[in-house]
Amino acid sequence: MTGLKAGGDNGTRAAGQAVRAVAFGGGHGLSASLRALRILQRQLPVDITAVVTVADDGGSSGRLRATRDILPPGDLRQALAALADETATADLFQHRFAGEDDIAGHPVGNLVLCGLMEVAGDPVVALDRAAQMLRCGGRVLPMSRDPLHIEADLSEGGEVVTVRGQHEVAVTMKTIDRVRLTPAEPEACAEAVRAVRDADWLLFGPGSWFTSVIPHLLVPGLAAAIRDSPARRLVTLNLAADSETAGLTLPEHLAALHRYLPELRVDVVLADGKAVGDPEPVHRAAESLGARLVLAPVAVGEGAPRHDPKALAAALEPLLRADGRAGIPGGGCAPGHTGNGARHGRAQARHDMTLNTKTAR
């Protein structure tokens, strides 16, 4: 990958100063980002915070939240396991009970988190205790202390139908017109808001776009912190469409972010060259958000389209190494800033796109 240089006049961080990175999402996409950041910690000091969606109502999480007033633990457990140094305990957390009795299908970690949340009386305290048990190399926070639900309006034969529940939205094959949370304006987790305000980098994606990425933009306090944070913003695009984004192009993924947070400005859009194909439409969509497009081989070599944490870490390293508050050299403009820097950023973005397309091939 080329385009961003670390060191010299590019405003790199002082030696030993940690890069404060906040990653948003839920499920396997967030797990890939967190594992990449953990790999990066071997060569670059990175202070990692994961902010996780809390609207899951399927599987074990759905069963637990239906009978107990707790946050759905599944995505939180996945994030903790991705950051864990205590691998034996992480493997235990991920173990799912077999059989057909009442405990069947529950991962051990979901039950542990359920117990910790009841004992602590505060999900953030419970997650911090779980992180200590797992010797996590970062912090896991919920986007809200309150369990939420997702609704979506779907287009079907010229009519609009509404589905309720994250699981139902995630598996739909119909066109999603709009998603929303219930309650409509949940209170943001105060610790997550502080992490966003203090961050050097905000990382969005990969992951289920409408149920893992966009929900963070629907929590007013969190959305305002994302909008106002002096941090840089990076969006990692998915490698392939899933059920909820069937028919949605990569440029439309970026347009969806703007739709739900019109003031959002992005500095870098990271994508796999093979997944992008013709980079020009994605470049234009990135540019509309103020971002440069960086292409790098970040997918696993074979099998289902999944991000390779090692390859993702290699792509993120030169980006995160630059000083998070000094601005990317030649990159997209910061919120509220236009002019020569933005014009230079667009020219530089096209230069990066061309070079990295050759590399990705």
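We're numbering straight along the sequence, starting at 1.
- For Asp102, the CG atom sits in a loose shell: 12 or fewer heavy atoms of surrounding residues, nucleotides or ligands are nearer than 6.0 Å.
- Annotation for Gln43: atom CD counts as buried by contact number, over 12 foreign heavy atoms lying within 6.0 Å.
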Query raised in the report: Under the salt bridge (Lys or Arg N to Asp or Glu O under 4.0 Å) criterion, do Arg68 and Glu118 qualify, and how do the steps go?
Result: CA-CA 9 Å; Arg68 297 180 178 274; Glu118 290 191 357; 2.7 Å; yes
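- Between the side chains of Ser288 and Arg284, no donor-acceptor pair is found at a separation under 3.5 Å.
- For the pairing with Asp200, the salt bridge (Lys or Arg N to Asp or Glu O under 4.0 Å) check across Arg233, Arg321, Arg20 returns one residue only, Arg20.
- Across all non-hydrogen atoms, the minimal contact from Pro183 to Leu148 is CD-CD2, 3.8 Å.
- Using a distance-only test at 3.5 Å, with no hydrogens or angles considered, a donor-acceptor pair links the side chain of Asp75 to the main chain of Gly27.
- When atom types are taken as modelled, the side chain of Ser229 and the backbone of Ile226 share no donor-acceptor pair closer than 3.5 angstrom.
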Report task. Could you walk me through whether Glu191 and Arg145 pass the salt bridge (Lys or Arg N to Asp or Glu O under 4.0 Å) test, one step at a time? Result -> CA-CA 10 Å; Glu191 291 82 354; Arg145 278 180 162 83; 2.8 Å; yes
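- A donor-acceptor pair under 3.5 Å is formed between the side chain of Asp272 and the backbone N or O of Val298.
- Closest approach of Ile48 and Gly137 over heavy atoms only: CD1-O, 3.8 Å.
- In the hydrophobic cluster analysis, where Ile, Leu, Val, Met, Phe, Trp and Tyr join through side-chain heavy atoms closer than 4.5 angstrom, Leu111 is grouped apart from Val125.
- Counting heavy atoms of neighbouring residues, nucleotides and ligands inside a 6.0 Å radius, atom CG of Asp69 does not exceed 12 of them.
- Across all non-hydrogen atoms, the minimal contact from Asp122 to Val124 is OD1-N, 2.9 Å.
- Considering all non-hydrogen atoms of both residues, Phe24 and Leu202 come closest at CE1-CB, 3.9 Å.
- Rounding to the nearest 0.5 Å places CD of Gln166 at 4.5 Å from CG of Asp56.
- Asp153 meets the salt bridge (charged side-chain N to carboxylate O under 4.0 Å, His left out) test with Arg180; sequence neighbours excluded.
- For the pair Ile150 and Pro215, the tightest heavy-atom approach, listed with the atom from each and the gap, is CD1-CG, 3.9 Å.
- Summarising the geometry, atom CG belonging to Leu270 is positioned 8.5 Å from atom CG belonging to Leu293; distances are rounded to the nearest 0.5 Å.
- Side-chain atoms of Val269 and Val294, non-hydrogen and from C-beta on, never get closer than 4.5 Å to each other.
- Residues Leu234 and Asp267 have side chains not in contact (no heavy-atom distance under 4.5 Å, counting atoms from C-beta outward).
- Under the 6.0 Å cut-off for aromatic ring centres, His95 and Phe97 qualify, their centroids lying closer than that.
- One side chain, His106 or Arg63, offers a donor N or O that lies under 3.5 Å from an acceptor on the other.
- Of all the heavy atoms in Asp146 and Val54, the pair that sits closest is O-CG2, 3.6 Å.
- Under the side chain to side chain donor-acceptor pair (under 3.5 Å) rule, Glu244 has a single partner from Thr211, Thr175, Thr172, which is Thr211.
- Checked by atom type and distance alone, the side chain of His216 pairs as donor or acceptor with a backbone atom of Val51 at under 3.5 Å.
- Salt bridge Asp128/Arg139: present, at least one basic N to carboxylate O contact under 4.0 Å.
- A side-chain donor-acceptor contact under 3.5 Å links Ser144 to the backbone of Glu187.
- Residue Val161 is not grouped with residue Val171 when hydrophobic side chains (ILVMFWY) are merged at heavy-atom distances under 4.5 angstrom, including chains of intermediate members.
- Cluster membership for Ile39 and Leu44, using ILVMFWY side-chain heavy atoms within less than 4.5 angstrom, is not shared.
- Judged by distance alone, with hydrogens and angles left aside, the side-chain atoms of Gln41 form a donor-acceptor pair with the main-chain N or O of Val46 at under 3.5 Å.
- Val193 and Leu141 fall into different hydrophobic clusters, where Ile, Leu, Val, Met, Phe, Trp and Tyr are joined by side-chain heavy atoms under 4.5 Å apart, directly or via other members.
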Only distances under 3.5 Å count here; give the side-chain donor-acceptor pairs of residues 82-92 to other protein atoms, sequence neighbours excluded, each with its distance to 0.1 Å.
from  : atom 1 : to     : atom 2 : distance (Å)
Asp85 : OD1    : Arg38  : NH2    : 2.2
Asp85 : OD2    : Arg38  : NH2    : 3.1
Glu86 : OE1    : Arg135 : NH1    : 3.2

